[in-house]
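Structure first, commentary second.
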Protein chains: 2
Amino acid sequence: MNDSSHPKNSPAPERARRRKSGGITLADVAKLAGVAPITASRALNTPDAVSPAVLERVKEAVARTGYVPNLLAGGLASRKSRLVAAVVPTIAGPVFMETVQALTETLAASGYQLMLGQTGYHNSREDALLDAIIGRRPDGIVLTGIMHSAEGRRRLIASNIPVVETWDLTATPIDMLVGFSHEKIGQAVAEYLHAHGRRKVASISGTDERAERRNRAFSDAARALGMAPMGQVPTVMAPPPTTIGSGRAGLAELLAKAPEVDAIFCSSDMLALGVLIEAQARGIKVGQDLAVIGLGDMEFAKDANPALTTVRLDGTTIGRTAARFIIDRTEGRPIATKVCDIGFSIVERASV
Amino acid sequence: MNDSSHPKNSPAPERARRRKSGGITLADVAKLAGVAPITASRALNTPDAVSPAVLERVKEAVARTGYVPNLLAGGLASRKSRLVAAVVPTIAGPVFMETVQALTETLAASGYQLMLGQTGYHNSREDALLDAIIGRRPDGIVLTGIMHSAEGRRRLIASNIPVVETWDLTATPIDMLVGFSHEKIGQAVAEYLHAHGRRKVASISGTDERAERRNRAFSDAARALGMAPMGQVPTVMAPPPTTIGSGRAGLAELLAKAPEVDAIFCSSDMLALGVLIEAQARGIKVGQDLAVIGLGDMEFAKDANPALTTVRLDGTTIGRTAARFIIDRTEGRPIATKVCDIGFSIVERASV
DNA sequence: TTGAAAGCGCTAACAC
DNA sequence: GTGTTAGCGCTTTCAA
C-alpha cells in the first residue's frame, strides 16, 4: 500500500483523502502471501503462469481471508464482464423459460452470469432497458424475438457487443441468429391437418407478431389446400398471455361462428389445453369430431387427455446455442456460422 | 487530461503505455460540452446540481456522441452496482416465475437490473454461484427458499450485502425475510378439508424440503382431526419438477393402496391438474366422490374442470416486497421491519 | 517467473 | 455551481 497516504501534518498540499472500503482486496491477499498484487492476480486467473510454491501461498491467503475478487474492477480493467444479458418479453410465458434456463446453465458452466431484462409485450421500455444493459458492458446480449426499434438496433450495433437474436429467422439480423421459421410452421401445420383428412380448419392465435405470422401462413396454406370452405379460415385472437381460459373461450366463440369446424390450430399449448377442456365439457370428442394441434410441446402436452398433438420448439437448444455463440465469440474462437435454423417438428399424439 | 502522457522522447523513465479503448467516455462528452468530467457526471446523475445551461450542453453532447455510461466504472467508484441478484432453484417451475417477474419489474422501475442464478435443485452449485454473485458486488441478493450450506451463509454475512430470503419463514434469517409458514398451510388445508366433511384424506407431495414440511404438518393435523382412519395419511411422493404426469400417476398409485380416499392435498397445482385429468379418465367425480386441493393458484386453476380449489401464494407480492426491502436499504431509507409474513389464502372452487 | 508503473472510466471529497 | 485531485480494485504493458 501507499506509504505516503497516511495522514501526517506535512506542509505539502494536502488534498482529497479517500474512502478505503474496508473490504478485502487482492492487495491484502498479495501482502499476506508475500507477493506483488499482479502475481496474486495471475495465481487466480492463470495458475499455470506462476510457480507452484506461489500458487500454494496465494491460495492459502485467499482461504484465510475469504477474499472474493471484485469482478467490477476486473471487468473494468480487462474489458470482459463475464456477464451476458438476455432480453425477453416476459418470463411468465413458459415459452421463453426453457431458453432462459438453458442460457443460465450453459453460461454458468463457463463462468458467465446471466442478466435478465423484461420488456413486457410493449416495446416502450425496450430503449431504456437497452441502455441499462449496454452500460454494464456485457460480453453478449441475447434477444428473444427481434429487436424492433430502429434506435435500439442502432445502439446495439454501435455498442459493438455480440448480439444473438432468437426465436425467429430474419433476413437482416443485427449480428447472430438462432431460430426457426414461423411461416414454415404455419404451412406445415396446414399440410399436416390436410394429410389427416381435415377439411374445415380454424385457428386460435395469440396477438403477438410471431403468432400472427404463423397464423397468416397457416391460413394461406389452408386456403390453398381447400380447407377453408367459406373462403377464409375462421380465427379467434387471444391477447397475451395465452391461457387455458382464453382457449376455452376461444373454442366457444369459434363454434358459435363456425360450428362445422373439424380442426383447430392453437398458437400455444395453453390455448390447446383450454380447447381440450372446453370440448370435454361440451361432449365433443377430440381426435374424432375435432382435431386440436398446439404449439410448444410443453411438459403437460403428453399428459393431456387426449394427449396433445403439437409443434415442438426446442427452447433449450436455442438457449444453449445462443450461449455457445457468445462464449465462442468472446473467447476468440472462430465460429463457423452466424445463423442457425434449429427447425421444429410436429409431435403426433391422440388429439389429431 | 494529463498533458505529460503524450509520448515524447523525454529522458524520464518511459513505462507501460496503455490501451485506449476507442469507446466514448464521459471525458469525451465533457470536452464536447466544454465542462469538466465531474460536471458532466453531475449533469447525468444529479441534474439539479448543475445550471440549466450546462445541463443542456451535456445532454446535447450525450445525444451527439451516443454516449452510454460505463456502469462498471461507476459502480467501482461509487460502490453501488445497481445490480440485484436472485437465486432460484429453477425458473422452470412456474412457482418462482411470478416472483422473478415482479422482482425484475420493481427493480427496473428504480433503475436496478436483475442478475439471475439457478442452483438446480441440488445444493452443490450453490457455493460457486455465490462467489460469482458476490464478486459482482450486487446491491442486494434475493434468495428463494433458504440458503443452506453453512459456508454459504457465512460468505453472505461476511459480504455485507443486503440479503432477502423468501418463500419461507425461519427463526434465524441471514438478514431480511419475506415469506409465509409452510406448517400453517399444511394445518389449514387439513382443517379446511375437515370442515368440508372429508374424513379419509391423502396427499401427493413434492420431495423438496418445503413441500415435505407442509405435508408433515398436514398429516399431523389430519391425524389429530381423525381424518386418517388407518392411523396415517397415505402419501405419494413426486420428485421435482412436479408435473401433470406425476399427478396422474400419483392418483393411480393412491387409489391402488387406499381406494377409499375422499380428499387429496397436492403440493402443486400441476399435480392437482394431473389428478383432475386422471380422475376424469377414470370416471371419478371430483368435487363429489373426491375432493382435490392444489397449491399455487396458478393461472389455469380457475379454468380447470372442475375449477380447482387451491392455496394461493402471492409470488408477486413476495418479489415486490423483496425488491422494496433492498432498494430502501440501498438508498438509505429506514425500513420498519426486516421480516414480512405475507400469509396465504385458500381459494374455494368446485374441486372440494 | 515476477514485478513496477500506468491506467480502465468513473465518482467522492474537497476547494474555490 | 464548478473544478481539482485522488483514488475504487483490478489487469495490461513493459522490463527484469
Side-chain angles (χ1 to χ4, degrees), chain A residues 1-2 4-5 7 12-31 33-55 57-58 67-82 135-137, chain B residues 1-7 12-31 33-55 57-58 67-82 135-137:
Chain A
M1 299 235 151
N2 187 352
S4 69
S5 73
E14 189 67 41
R15 282 292 196 131
R17 242 6 60 254
R18 193 56 175 280
R19 36 230 146 156
K20 285 294 155 205
S21 68
I24 293 143
T25 70
L26 185 62
D28 300 331
V29 172
K31 200 187 289 180
V35 296
I38 181 61
T39 304
S41 168
R42 285 197 269 252
L44 296 175
N45 298 319
T46 51
D48 295 337
V50 298
S51 67
V54 165
L55 181 55
R57 270 155 45 213
V58 171
Y67 169 68
V68 180
N70 184 329
L71 300 177
L72 260 58
L76 179 59
S78 69
R79 330 185 131 284
K80 282 182 165 50
S81 61
R82 296 187 88 72
R136 269 158 192 122
R137 304 296 189 265
Chain B
M1 294 226 157
N2 186 352
D3 283 353
S4 68
S5 72
H6 70 85
E14 189 67 40
R15 282 292 195 131
R17 226 47 17 272
R18 191 57 175 281
R19 37 227 146 154
K20 287 290 155 208
S21 67
I24 294 143
T25 69
L26 185 63
D28 300 330
V29 172
K31 201 186 291 180
V35 295
I38 182 66
T39 303
S41 168
R42 285 197 269 251
L44 297 174
N45 298 316
T46 51
D48 295 337
V50 298
S51 67
V54 166
L55 181 57
R57 267 150 55 210
V58 170
Y67 169 69
V68 181
N70 185 329
L71 299 178
L72 260 58
L76 180 59
S78 68
R79 334 187 128 282
K80 281 183 165 51
S81 60
R82 296 187 88 74
R136 273 167 187 112
R137 305 295 190 266

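Chain A is the first sequence line, chain B the second, and so forth, proteins listed ahead of strands; every chain is numbered from 1.
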>> My understanding is that only residues two or more places apart in sequence, or in another chain, count here; which of them pass side chain to side chain contact (heavy atoms under 4.5 Å, CB included) with Ala33(A)?
In response: Val35(A), Arg57(A), Val58(A), Ala61(A)
> Does Thr39(B) make a side-chain N or O approach to OP1 or OP2 of dG3(D) shorter than 4.0 Å?
Replying inline: yes
>> I want to verify a distance call: between dG7(D), dC8(C), dC14(C), whose nearest atom is closest to the Arg42(B) side chain?
In response: dC14(C)
>> If you only use heavy atoms from C-beta on, which nucleotide in dA4(C), dG9(C), dT4(D) is closest to the side chain of Ala36(A)?
In response: dA4(C)
> Which listed nucleotide (dC10(C), dT11(C), dC10(D)) is nearest to the side chain of Tyr67(B)?
Replying inline: dC10(C)
> Roughly how far, to the nearest 0.5 Å, is CG of Leu71(A) from OG of Ser81(B)?
Replying inline: 11.5 Å
> Do the side chains of Arg137(A) and Leu76(A) get nearer than 4.5 Å, heavy atoms only?
Replying inline: no
> What are the residues of residues 44-55 of chain B, sorted by number, that bring a heavy atom to within less than 4.0 Å of DNA chain D?
Replying inline: Ala49(B), Val50(B), Ser51(B), Val54(B)
> Could you state the CG-C1' distance from Leu72(A) to dC8(D), rounded to the nearest angstrom?
Replying inline: 10 Å
> For Tyr67(A) and Ile24(A), which heavy atoms make the closest approach, and how far apart are they?
Replying inline: CD1-O, 3.5 Å
>> Between P on dG9(D) and NZ on Lys31(A), what's the gap in Å once rounded to a whole number?
In response: 13 Å
>> Tell me the interatomic distance from Leu26(A), atom CG, to dC8(D), atom P, rounded to whole angstroms.
In response: 13 Å
Counting only pairs under 3.5 Å, give me each side-chain donor-acceptor contact of residues 44-54 of chain B, with atom names and distances, residues two or more places apart or in other chains.
| residue | atom | partner | partner atom | Å |
| --- | --- | --- | --- | --- |
| Asn45(B) | ND2 | Ser41(B) | O | 3.2 |
| Asn45(B) | ND2 | Ser41(B) | OG | 3.3 |
| Thr46(B) | OG1 | Arg42(B) | O | 3.4 |
| Ser51(B) | OG | Val54(B) | N | 3.4 |

> Minimum heavy-atom separation for Arg136(B) to Arg82(A), with atom names?
Replying inline: NH2-O, 2.8 Å
>> Tell me whether the side-chain N/O atoms of Arg79(B) come closer than 4.0 Å to OP1 or OP2 in dG9(D).
In response: yes
> Could you state the CZ-C1' distance from Arg57(A) to dT1(C), rounded to the nearest angstrom?
Replying inline: 13 Å
> dC10(C) phosphate, OP1 or OP2: any side-chain N/O from Ser41(B) under 4.0 angstrom?
Replying inline: no
>> Could you measure the distance from the NZ atom of Lys80(A) to the CG atom of Leu72(B)? Nearest 0.5 Å is fine.
In response: 13.5 Å
> Do the side chain of Arg137(B) and the base of dG9(D) come within less than 3.5 angstrom through a donor-acceptor pair of N or O atoms?
Replying inline: no
>> Counting the atoms with a prime plus P, OP1 and OP2 as sugar-phosphate, which does Pro37(B) contact under 4.0 Å by heavy atoms, base, sugar-phosphate, or nothing?
In response: nothing
>> Rounding to an integer number of Å, can you tell me how far Ile38(A) CD1 sits from dT13(D) C1'?
In response: 10 Å
> Between dT12(D) atom C1' and Lys80(A) atom NZ, what is the distance in whole Å?
Replying inline: 12 Å
> In whole angstrom, what separates Leu76(B)'s CG from dG9(D)'s P?
Replying inline: 7 Å
> Separation of Asn70(B) atom CG from dC8(D) atom C1', in whole Å?
Replying inline: 13 Å
>> Taking the nucleotide of DNA chain C with the nearest heavy atom to each, does Gly34(A) or Val68(B) sit closer to the 5' end?
In response: Gly34(A)
